Amino acid sequence: MPELPEVETTRKGINPWLEGRIIERLEVRQPKLRWPIPEDLHQRLVGLKLAPLKRRAKYLLFPLLENSGQEAGWGFLWHLGMSGSLRLVAADAPWKKHDHIELQVAPLAEDAQPPLRLRYHDPRRFGALLDYQGDPAEHSLLRKLGPEPLSDAFTAQALFQRSRNRKLAIKLFIMDNAQVVGVGNIYANEALFLAGIDPRRAAGRVSLKRYQRLVKIIREVLAVAIEQGGTTLRDFVGGDGQPGYFAQELNVYGRAGLPCKVCGTVLQEVKLGQRSSIWCKACQA
DNA sequence: AGGTTCGCCTGCGGGC
DNA sequence: TGCCCGCAGGCGAACC
């Protein structure tokens, strides 16, 4: 499932092929994603120009410009859900099962390559494609989001303060988008292992010192994953390469019942908020 | 308001 | 080989 590093890698990978181009066509074969794709979106998009793609949390943002280069005052956002991927394909690429959407842009004069199209593939259809008006940060889906994990606004101090008296498990606390965005199940498990914190521990019972360590680790893990994403997911053009997991070594995720890579103790598993949580009872407390 | 559960989906693996 | 079932999971919505 795309976590923040995959979304960021996608943004970097597809932006060079889209930025500055005029939208010629949006083909929606399956409008039923998590929310229906607005019916008239395809009509309203044609003729507008794509500004540089942005990202907020796991949302890809596509701000729009008038042909003149002036801001259009709106744009669209794209969430990949659990199984979504965006790839650039040749114009004659056959539609595969679960290919739902294609965006076609006009090439720039200086584009050497034949025009490519952005194809959205999403078997489980938990993704979303919606328009936003004005400032995307004001959109209802983005408005209440916490800080970006790689920004200065993400601090141990804030996490510590906001967690006081909270009984919620620390793992669920750091997965709460209001505290920090982009920490999905995989990274929550991995970060807590690296920080030596039991995922079940009440967020309010985690010391400032441990939050400092945790914040540092979340930053490092995500930064490394984005770097590696640049390697493993470099090819966004052609091919069949469904973006997979990061090359990064996983210590606990998917390893319940296997020995801890550090101490050999059998890794435990428990459900927290319906998501599997794996930890080492010897290394994490 | 904090905390918990549901529901949207398809692919996959296990049991028979 | 095929069928049924349970499970996975981001995250907003609905609930207590």
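Predicted, not measured: the structure shown is a model, and the values here were computed from it.
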Let's see if you can work this out: which of [options] has an atom nearest to the side-chain heavy atoms of [X]?
{"X": "A:W35", "options": "C:dG9, C:dG12, C:dG10", "answer": "C:dG12"}
{"X": "A:L168", "options": "B:dC9, C:dA8, B:dT4", "answer": "B:dT4"}
{"X": "A:P123", "options": "B:dG11, C:dG12, C:dG9", "answer": "B:dG11"}
{"X": "A:K167", "options": "B:dG3, C:dG12, B:dC9", "answer": "B:dG3"}

Using OP1 and OP2 only, check whether a side-chain N or O of [X] sits under 4.0 Å from [N].
{"X": "A:K271", "N": "C:dC7", "value": "no"}
{"X": "A:S276", "N": "C:dG9", "value": "yes"}
{"X": "A:H98", "N": "B:dG11", "value": "yes"}

task: Return yes if the base of B:dC8 and the side-chain atoms of A:R124 contain a donor-acceptor N/O pair under 3.5 Å, otherwise no.
output: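 No pair found.
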- prompt: Centre of A:W78's six-membered ring, under 6.0 Å away, within 45 degrees of the axis: is that where NZ or CZ of A:R11 sits?
  reply: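 Negative - A:R11 is either too far from the ring of A:W78 or too far off its axis.
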message: Tell me the bend of the helix from B:dG2-C:dC16 to B:dC16-C:dG2 as the angle between end helix axes, each from five pairs, rounded to the nearest 10 degrees.
response: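 Both end axes considered, the difference amounts to 50°.
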message: Which is more 5' along DNA chain C, the nucleotide nearest A:E269 or the one nearest A:Q274? Just name the residue.
response: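 So the residue in question is A:E269.
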query: What does A:R275 touch in the nucleic acid at a heavy-atom separation under 4.0 angstrom: a base, only the sugar-phosphate, or nothing?
result: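 Touches a base.
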- prompt: With a non-hydrogen cut-off below 4.0 angstrom, is A:Y59 in contact with a base, only sugar-phosphate, or nothing?
  reply: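 If one applies the 4.0 Å heavy-atom cut-off, A:Y59 turns out to touch the sugar-phosphate alone, with no base involved.
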task: List in numerical order all residues of residues 127-148 of chain A for which some heavy atom is under 4.0 Å away from an atom belonging to DNA chain C.
output: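 Contacting residues: A:L141.
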task: Answer yes or no: is there an ion pair linking A:K58 with A:E6, defined by an N-O contact shorter than 4.0 Å?
output: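 Between A:E6 and A:K58 there is no salt bridge, as every charged N stays at least 4.0 Å from the carboxylate O atoms.
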message: Going by ring pair (Phe, Tyr, Trp, His ring centres under 6.0 Å), name the pairs with one or both residues in residues 37-60 of chain A, residues two or more places apart or in two chains.
response: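 Counting only pairs at least two positions apart or across chains, the ring pair (Phe, Tyr, Trp, His ring centres under 6.0 Å) contacts touching residues 37-60 of chain A are A:Y59-A:H79.
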task: Using modelled atom types only, decide if a donor and an acceptor are shared between the side chain of A:R55 and the backbone of A:K12 within a distance under 3.5 Å.
output: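 Answer holds: no.
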